[in-house]
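Numbering starts at 1 and runs along the sequence shown. Computation of the quantities below employed the complete heavy-atom set of this structure, encompassing side-chain atoms and omitting hydrogens, waters and symmetry-equivalent molecules.
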Amino acid sequence: MIVDSIINNAKAYLKGEIVDCCFAIEEGKIQKIGKETHMPKADQKIDLHHLLVIPGVIDSHVHLRDENKAYKETFQTGTAAAAAGGVTTVLDMPNNSPMTMSVETLRNRMQTAARRVLVNVGFYSEFPVDKQKIKAIAEEGAFGFKLFMAEQLGGLNVDDDQALREAFEATAQAEVPVAVHAEDHQLLKGAVEKSKLAHKNDMNAFLKAHSENVESASVERLLAINAQIEKMHLHVCHISTQKAVQAVAEAKRADKNVTCEVTPHHLLLTREDYEKAGTSALTMPPLRSRENVDALWKALNDGSIDTVGSDHAPHTLQEKDAATIWEVKVGVPGLETTLPLILTAVHKNRVTFSRVLEVLCEKPAEIFHLTDRGKLDEGKNADLTVVDFNAKFKIDVAGFKSKAKFSPFNKLEMQGKPVKTFVNGELVMDEGEIVVKPGSGLVIRRAHS
Ligand code: DOR
Ligand code: ZN
Ligand code: ZN
């Protein structure tokens with residue numbers, strides 16, 4: 001048999017150790033992993049000169065924008081950023097224009113994306129107004145429902161426990177997870193209004209309004225509802241406080257179906273970093289104290305936190321520099337910095353390499369039912385990221401493929417760099433360059449059993 005390609009002289013972490021190996025790729029899948037002498041013949045051979053291959057990173061928290069927010073990011077620029085960052089699969093958040101919250105908006109988004117994307121892209125939906133529609137949206141291929149608790153974005157009244165319960169029941173029936181942005185709407189609204197009345201419109205006012213309690217209260221409320229619904233899967237996005245992490249860990253110990261995510265910025269920055277980075281680093285939830293950050297690392301290492309997601313949230317520079325703090329668009333781009341930041345943390349002994357593979361690849365695949373991705377196994381899709389583990393370089397926003405050319409990590413020295421990205425067996429990024437045409441990526445849909 002002659003396969004499509006063979007990747008030679010690779011290293012990979014297989015069965016608990018780093019070994020020399022080769023990969024045979026056929027029709028987008030890993031056909032064989034083994035020694036060079038055991039490889040079939042191939043149309044094409046790629047020599048990696050002993051660089052490390054990891055499963056393509058799965059980033060389950062990305063805002064790709066496009067459609068009416070294309071001025072911030074497009075499917076093409078966003079997925080180019082993914083490929084450049086060693087990310088082979090992204091799940092797109094629904095706070096778009098139009099909002100992804102119906103079969104029709106989801107279908108349109110999938111159609112537009114199909115012509116433009118460079119990596120695998122799946123989609124979340126916000127909740128529709130009519131909970132009867134949840135099943136159809138799931139059947140259309142949404143990977144989960146995203147619920148933004150901080151404000152009313154979709155069709156579900158975030159202040160109404162009974163409405164949440166009924167909608168969550170429907171997601172459990174449809175066997176899709178609910179990913180939440182957990183900041184309590186009422187608490188937040190009250191605090192923001194109070195600040196505005198007192199003419200407090202600065203960073204301190206923002207941090208005070210987006211307090212630790214605003215997050216932990218929301219997480220506790222959602223966990224209580226989750227505990228009442230059999231088979232419901234609650235996934236807490238960008239967890240940022242010790243109290244919320246402890247609540248999630250406790251729910252896990254009680255065998256509840258809950259998982260959570262942390263972002264690189266919540267792991268690697270503290271609120272003191274706002275002094276230097278200013279409003280460009282403003283996110284929701286905001287950066288926290290050292291004590292919280294230490295708790296996040298501990299939770300990442302002990303398994304209380306399941307995944308690292310970038311929360312890639314591109315905006316224009318003007319939007320990041322608005323007149324008052326309340327008008328600043330929150331979020332930072334992260335697709336091109338997540339993997340280097342986390343590999344650098346491995347060098348600093350903050351997390352083990354095997355744990356990194358779990359939180360960036362295996363766990364997101366498991367949580368979001370990406371059954372043929374996230375692992376280096378024969379038969380899986382050939383989503384492979386080649387990293388130069390020792391390469392040192394500086395993050396440089398000017399070189400970002402994302403339209404959002406800012407980062408709180410700009411100019412920071414990294415050790416560990418993605419140098420090639422293969423998506424479904426195809427080389428998409430080579431030495432920082434995108435080498436395929438828009439549309440070469442795949443719109444993916446959640447498979448239902
Ligand atoms: O920082 C954030 N940016 N938090 C959010 O919840 C929304 C996101 C965005 O879409 O920009
Ligand atoms: Zn969020
Ligand atoms: Zn987000």
Side-chain angles (χ1 to χ4, degrees), residues 9-21 48-59 81-88 261-270 272-273 276-277 281 287 290 292-312 332-364 374 376 384-397 399-400 407-421 429 431-432:
N9 289 322
K11 284 187 185 297
Y13 187 83
L14 301 170
K15 297 194 187 108
E17 57 178 339
I18 297 206
V19 295
D20 294 312
C21 63
L48 287 190
H49 304 286
H50 307 290
L51 289 175
L52 188 61
V53 173
I54 65 169
V57 172
I58 299 171
D59 190 340
V87 177
T88 53
E261 167 202 72
V262 69
T263 71
H265 47 276
H266 290 110
L267 279 174
L268 292 159
L269 301 171
T270 67
E272 275 73 47
D273 287 291
K276 206 170 84 201
L287 303 175
R290 170 61 54 199
N292 284 293
V293 170
D294 289 345
L296 295 178
W297 277 106
K298 187 170 167 293
L300 183 72
N301 286 311
D302 73 16
S304 307
I305 291 177
D306 300 273
T307 67
V308 170
S310 71
D311 196 4
H312 179 81
V332 291
L335 279 166
E336 288 161 272
T337 49
T338 296
L339 183 57
L341 288 165
I342 298 299
L343 293 176
T344 304
V346 175
H347 283 288
K348 293 182 176 169
N349 294 321
R350 303 207 68 176
V351 58
T352 63
F353 184 66
S354 65
R355 182 75 189 133
V356 164
L357 299 184
E358 287 171 7
V359 299
L360 287 180
C361 313
E362 279 169 42
K363 269 286 182 172
L376 298 180
L384 309 172
T385 297
V386 182
V387 301
D388 187 339
F389 187 61
N390 290 317
K392 291 189 174 171
F393 74 104
K394 277 192 178 147
I395 289 174
D396 178 13
V397 294
F400 276 5
S407 166
F409 302 109
N410 195 28
K411 303 293 174 211
L412 220 66
E413 173 129 318
M414 298 289 106
Q415 189 172 17
K417 186 180 188 182
V419 290
K420 287 187 197 321
T421 305
M429 182 278 282
E431 300 290 339

If you compare all heavy atoms of [X] against all heavy atoms of [Y], which two are closest, and at what distance to 0.1 Å?
X: Pro340; Y: Pro418; result: CG-CD, 4.0 Å
X: Ser310; Y: His265; result: O-CE1, 3.6 Å
X: Gly56; Y: Cys361; result: O-SG, 4.0 Å

Pairwise distance [atom1]([X]) to [atom2]([Y]) - rounded to 0.5 angstrom:
X: Leu339; Y: Lys417; atom1: CG; atom2: NZ; answer: 12.0 Å
X: Asn301; Y: Leu296; atom1: CG; atom2: CG; answer: 11.0 Å
X: Met414; Y: Ile342; atom1: CE; atom2: CD1; answer: 10.0 Å
X: Thr270; Y: Asn292; atom1: OG1; atom2: CG; answer: 10.5 Å

[Y] and [X], any side-chain heavy atoms less than 4.5 Å apart:
X: Leu268; Y: Leu341; answer: yes
X: Thr337; Y: Pro264; answer: no
X: Leu267; Y: Val293; answer: no
X: Lys11; Y: Val53; answer: no
X: Asp20; Y: His50; answer: yes
X: Val387; Y: Leu51; answer: no

Check for a donor-acceptor pair, side chain of [X] on one end and backbone N or O of [Y] on the other, with a separation under 3.5 Å.
X: Ser407; Y: Phe409; answer: yes
X: Asp59; Y: Gly309; answer: no
X: Trp297; Y: Arg350; answer: no
X: His312; Y: Gly334; answer: yes
X: Thr338; Y: Leu335; answer: no
X: Thr421; Y: Met429; answer: no

Could you walk me through whether Leu376 and Leu384 pass the side chain to side chain contact (heavy atoms under 4.5 Å, CB included) check? CA-CA 8 Å; Leu376 298 180; Leu384 309 172; 3.4 Å; yes
Is there a side chain to side chain contact (heavy atoms under 4.5 Å, CB included) between Leu52 and Tyr13? Walk through the geometry before answering. CA-CA 8 Å; Leu52 188 61; Tyr13 187 83; 5.5 Å; no
One pair to check against side chain to side chain contact (heavy atoms under 4.5 Å, CB included): Cys21 and Leu14. What are the steps and the verdict? CA-CA 9 Å; Cys21 63; Leu14 301 170; 4.2 Å; yes
Start with the C-alpha gap between Val359 and Leu300, add the side-chain angles, then the distance that decides, and say whether side chain to side chain contact (heavy atoms under 4.5 Å, CB included) holds. CA-CA 8 Å; Val359 299; Leu300 183 72; 3.9 Å; yes
Check each of Asp306, Thr307, Val308 against Glu261 using the side-chain contact (heavy atoms from CB on, under 4.5 Å) test, and report the only one that passes.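 Of the listed options, the one satisfying the test is Thr307.
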What about the rings of Phe389 and His347, do their centers lie closer together than 6.0 Å?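 So the answer is yes for these two rings.
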Applying side chain to side chain donor-acceptor pair (under 3.5 Å), which residue pairs with at least one partner in residues 384-395 are found, sequence neighbours left out?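 Found none.
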Applying side-chain hydrogen bond (donor to acceptor under 3.5 Å, both in side chains), name anything that partners Asp302, two or more places apart in sequence or on another chain.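 Checked Asp302 against side-chain hydrogen bond (donor to acceptor under 3.5 Å, both in side chains); matches are Ser304.
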